[in-house]
Amino acid sequence: MSSFKKGGIFVLSSPSGAGKTTLVKKISKNKNFSISISHTTRLPRPNEKHGKDYYFVSKNQFKKLIKKNEFLEHAKVFDNYYGSSKKLVVQKLKEGKNIIFDIDWQGTRQIRNKKLKYELKTFFILPPSKKELLKRLIKREKKNMKTVKKRMKEFKKDLSKWKEYDHVVINDNLNLCYKNIMKLIKNKKSLPIDKNFTYKHVKKLLV
Ligand code: ADP
Ligand code: 5GP
């Protein structure tokens, strides 16, 4: 019998723009799945709502939350602070819910190191090509090229973290990618990554 408690932790990370937020939202529509809504000091995008997409807080508020040990993990990403609320996550896990995280590699490392008594599966999402990634970022950031450039600058470093994850999935066709992830989430045995294939794809992305 598994020594894990009932709820599970599923983490999605990727270079910015690969589609993890879109995927996390799709996964959360399944029964018993719930998103860990992060706190951030980043300004909201036009379509984002406080309490739904993020808890938008000031730097001071964020620092106070760190001091009060309110975060399960937290990190500085692209000049802003992001963190996952311990209280919200633990409460849902205790109810037997599966929690999906849209967090970066720094936060994933922190959660992995905590060795919680819940099943943990981590997914690294890759774009089909660098050109498509750029296209997606430009669309999402409404052509704000300063933000797009900042995110593309971190692309290479973010990409190099794929080896730390249980699964690597390419987000070309959104529905196919979603179905793949759900299959991997439901599969109780962890399937090994096809490292050769992933190395080749990553090499292509770096050109
Ligand atoms: P991330 O959270 O990884 O930064 P988002 O989920 O915000 O990325 O997606 C970036 C943009 O790409 C969004 O405009 C989203 O609608 C779009 N997108 C996501 N997945 C796909 C896909 N498979 N094909 C085309 N566009 C996509
Ligand atoms: P965005 O500003 O595009 O919403 O997110 C920027 C990056 O911050 C993404 O890589 C996203 O996964 C990450 N992120 C969002 N919330 C958290 C969080 O709570 N903790 C950590 N470590 N990273 C987060």
Side-chain angles (χ1 to χ4, degrees), residues 9-28 35-57 61-62 65-66 70-89 99-114 122-144 146-162 164-165 168-181 205:
I9 297 172
F10 302 99
V11 177
L12 269 68
S13 300
S14 76
S16 186
K20 66 193 164 306
T21 308
T22 311
L23 286 160
V24 159
K25 284 192 176 150
K26 236 171 134 53
I27 297 167
S28 75
I35 300 178
S36 163
I37 301 170
S38 299
H39 286 70
T40 183
T41 59
R42 165 167 80 61
L43 291 174
R45 296 187 183 121
N47 58 336
E48 287 179 329
K49 295 218 162 47
H50 180 81
K52 185 171 171 274
D53 298 285
Y54 278 108
Y55 295 104
F56 296 98
V57 294
Q61 285 172 305
F62 197 94
L65 291 169
I66 296 178
E70 295 272 346
F71 290 125
L72 180 66
E73 62 73 34
H74 62 88
K76 191 178 182 191
V77 193
F78 307 119
D79 298 336
N80 284 302
Y81 293 91
Y82 295 82
S84 313
S85 159
K86 207 188 293 181
K87 208 158 45 185
L88 295 177
V89 170
I99 314 295
I100 330 155
F101 287 80
D102 167 350
I103 59 174
D104 82 328
W105 58 272
Q106 304 174 83
T108 310
R109 268 189 193 170
Q110 291 171 41
I111 293 185
R112 197 182 294 114
N113 290 339
K114 287 217 152 77
T122 60
F123 296 86
F124 200 80
I125 314 298
L126 292 177
S129 66
K130 203 168 166 183
K131 197 171 149 202
E132 173 65 17
L133 181 80
L134 187 62
K135 203 170 116 192
R136 288 181 192 174
L137 273 175
I138 292 171
K139 179 185 143 209
R140 188 188 67 198
E141 302 299 337
K142 311 264 181 280
K143 301 193 176 156
N144 177 346
K146 201 173 149 210
T147 307
V148 170
K149 269 189 194 146
K150 195 179 268 179
R151 285 167 184 249
M152 282 307 286
K153 218 176 125 214
E154 294 298 316
F155 170 69
K156 208 169 157 185
K157 187 168 157 210
D158 288 340
L159 191 61
S160 69
K161 301 294 184 288
W162 70 267
E164 299 182 16
Y165 286 72
V168 181
V169 185
I170 298 172
N171 178 21
D172 190 354
N173 176 294
L174 182 65
N175 272 329
L176 271 183
C177 179
Y178 160 73
K179 281 186 188 157
N180 258 338
I181 295 173
L205 289 173

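Atoms considered below: every heavy atom in the structure, side chains included; atoms not considered: hydrogens, waters and symmetry mates. For ligands, and for the atoms within them, numbers begin at 1 and follow the listed sequence.
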Side chain, backbone, both or neither: which part of Arg151 has a heavy atom under 4.0 Å from ligand 2?
-> side chain
Between Lys139 and ligand 1, find which residue part has any heavy-atom pair under 4.0 Å and reply side chain, backbone, both or neither.
-> side chain
With backbone taken as N, CA, C and O and side chain as the heavy atoms from C-beta onward, which portion of Arg45 lies under 4.0 Å from ligand 2: side chain, backbone, both, or neither?
-> side chain
Less than 4.5 Å apart, any side-chain heavy atom of Leu12 and any of Asp102?
-> no
Run the side chain to side chain contact (heavy atoms under 4.5 Å, CB included) check on Ile125 and Ile181 step by step: do they pass?
-> CA-CA 10 Å; Ile125 314 298; Ile181 295 173; 3.8 Å; yes
Counting from 1 in the order shown, the ligand 2 atoms closer than 4.0 Å to a non-hydrogen atom of Gly107 are 22 (N)
Per-atom contacts, ligand 2 versus Ser84 - under 4.0 Å to a heavy atom = 19 (O)
Between Asn173 and ligand 1, does any nitrogen or oxygen pair lie at a separation below 3.5 Å?
-> no
Heavy-atom contacts under 4.0 Å between Lys20 and ligand 2: side chain, backbone, both, or neither?
-> side chain
How far is atom 5 (O) of ligand 2 from its nearest protein heavy atom, and which residue and atom name does that atom have?
-> Tyr54 OH, 3.4 Å
How about Arg45 and Glu141: do any of their side-chain heavy atoms sit closer than 4.5 Å?
-> yes
Got an N/O contact under 3.5 Å between Glu132 and ligand 1?
-> no
Nearest non-hydrogen protein atom, atom 20 (N) of ligand 1 | Asn171 ND2, 3.1 Å
Tell me which protein heavy atom sits closest to atom 20 (N) of ligand 2, plus the residue, atom name and distance to 0.1 Å.
-> Glu73 OE2, 2.8 Å
Would you mind listing which atoms of ligand 1 come within a distance below 4.0 Å of any non-hydrogen atom of Ser14?
-> 3 (O)
Does a donor on one side chain sit under 3.5 Å from an acceptor on the other, for Lys26 and Asn175?
-> yes
Which word best sums up how the rings of Phe56 and His50 line up, parallel for under 30°, tilted for 30 to 60°, or perpendicular for over 60°?
-> tilted
among protein heavy atoms, the one nearest atom 14 (N) of ligand 2 is Asp102 O, 3.6 Å
Find all atoms of ligand 2 within a distance of less than 4.0 Å from any non-hydrogen atom belonging to Ala75, and give their numbers and elements.
-> 22 (N)
Could you name the option among Arg136, Glu141, Lys142, Arg151 that has the heavy atom nearest to atom 22 (C) of ligand 1?
-> Arg136
Close approach of Arg42 to ligand 2, heavy atoms, under 4.0 angstrom = yes
Ignoring hydrogens and angles, tell me if any N or O in the side chain of Glu70 forms a donor-acceptor pair with the backbone of Lys87 under 3.5 Å.
-> no
Could an N or O of ligand 1 be found under 3.5 Å from any N or O of Thr21, whether backbone or side chain?
-> yes
Taking atom 10 (C) of ligand 1 as the reference point, the nearest protein heavy atom with its distance = Gly17 O, 3.6 Å
Should the ring pair Phe62 and His74 be called parallel, tilted or perpendicular, given that the plane angle runs from 0 to 90° and is split at 30 and 60?
-> perpendicular
Of the listed options Ile103, Thr108, Asn80, Asp158, closest to atom 18 (C) of ligand 2 (non-hydrogen atoms) = Ile103
If you count the non-hydrogen atoms of other residues, nucleotides and ligands that lie under 6.0 Å from NZ in Lys135, is the total more than 12?
-> no
Below 4.5 Å, heavy atoms only, C-beta onward: do Leu88 and Tyr55 meet side chain to side chain?
-> yes
Around Lys179, counting heavy atoms of other residues, nucleotides and ligands shown, do more than 12 lie under 6.0 Å from its NZ?
-> no
So is His39 close enough to ligand 2, meaning a heavy atom under 4.0 angstrom away?
-> no
Residue, atom name and distance, where the atom is the protein heavy atom closest to atom 6 (O) of ligand 1 | Thr22 OG1, 2.5 Å
Does ligand 1 have an atom that lies less than 4.0 angstrom from a heavy atom of Asp172?
-> yes
Can you spot which of Tyr54, Tyr82, Phe71 makes a ring pair (Phe, Tyr, Trp, His ring centres under 6.0 Å) with His39?
-> Phe71
Is Gln110 touching ligand 2 with its side chain, its backbone, both, or neither, if touching means heavy atoms under 4.0 Å apart?
-> neither
Identify whether the distance between the nearest side-chain nitrogen and carboxylate oxygen of Asp104 and Lys76 falls below 4.0 Å.
-> no
What protein heavy atom sits nearest atom 13 (C) of ligand 2, and how far off is it?
-> Asp104 N, 3.8 Å
Ligand 1 atoms in contact with Ser16 (distance to a heavy atom under 4.0 Å) | 4 (O)
Identify the protein heavy atom lying closest to atom 8 (O) of ligand 1, giving its residue, its atom name and the separation to 0.1 Å.
-> Gly19 N, 3.2 Å
Look at atom 7 (C) of ligand 2 and say which protein heavy atom is nearest, naming residue and atom and giving the distance to 0.1 Å.
-> Val77 CG1, 3.8 Å
At a 4.0 Å threshold, what atoms of ligand 1 neighbour a non-hydrogen atom of Leu174?
-> 20 (N), 23 (N)
Nearest-contact summary for atom 19 (O) of ligand 2 - protein heavy atom, Å = Ser38 OG, 2.7 Å
Protein contact of atom 13 (C) of ligand 1 - nearest heavy atom, named by residue and atom, plus distance | Arg140 CB, 4.3 Å
Residue pair Leu126 / Leu159, side-chain heavy-atom distance below 4.5 Å = yes
Check: Thr122 and Ile111 side chains under 4.5 Å, non-hydrogen atoms | no
Identify, for atom 6 (C) of ligand 2, the protein heavy atom at the shortest distance, and state residue, atom and that distance.
-> Tyr82 OH, 3.5 Å
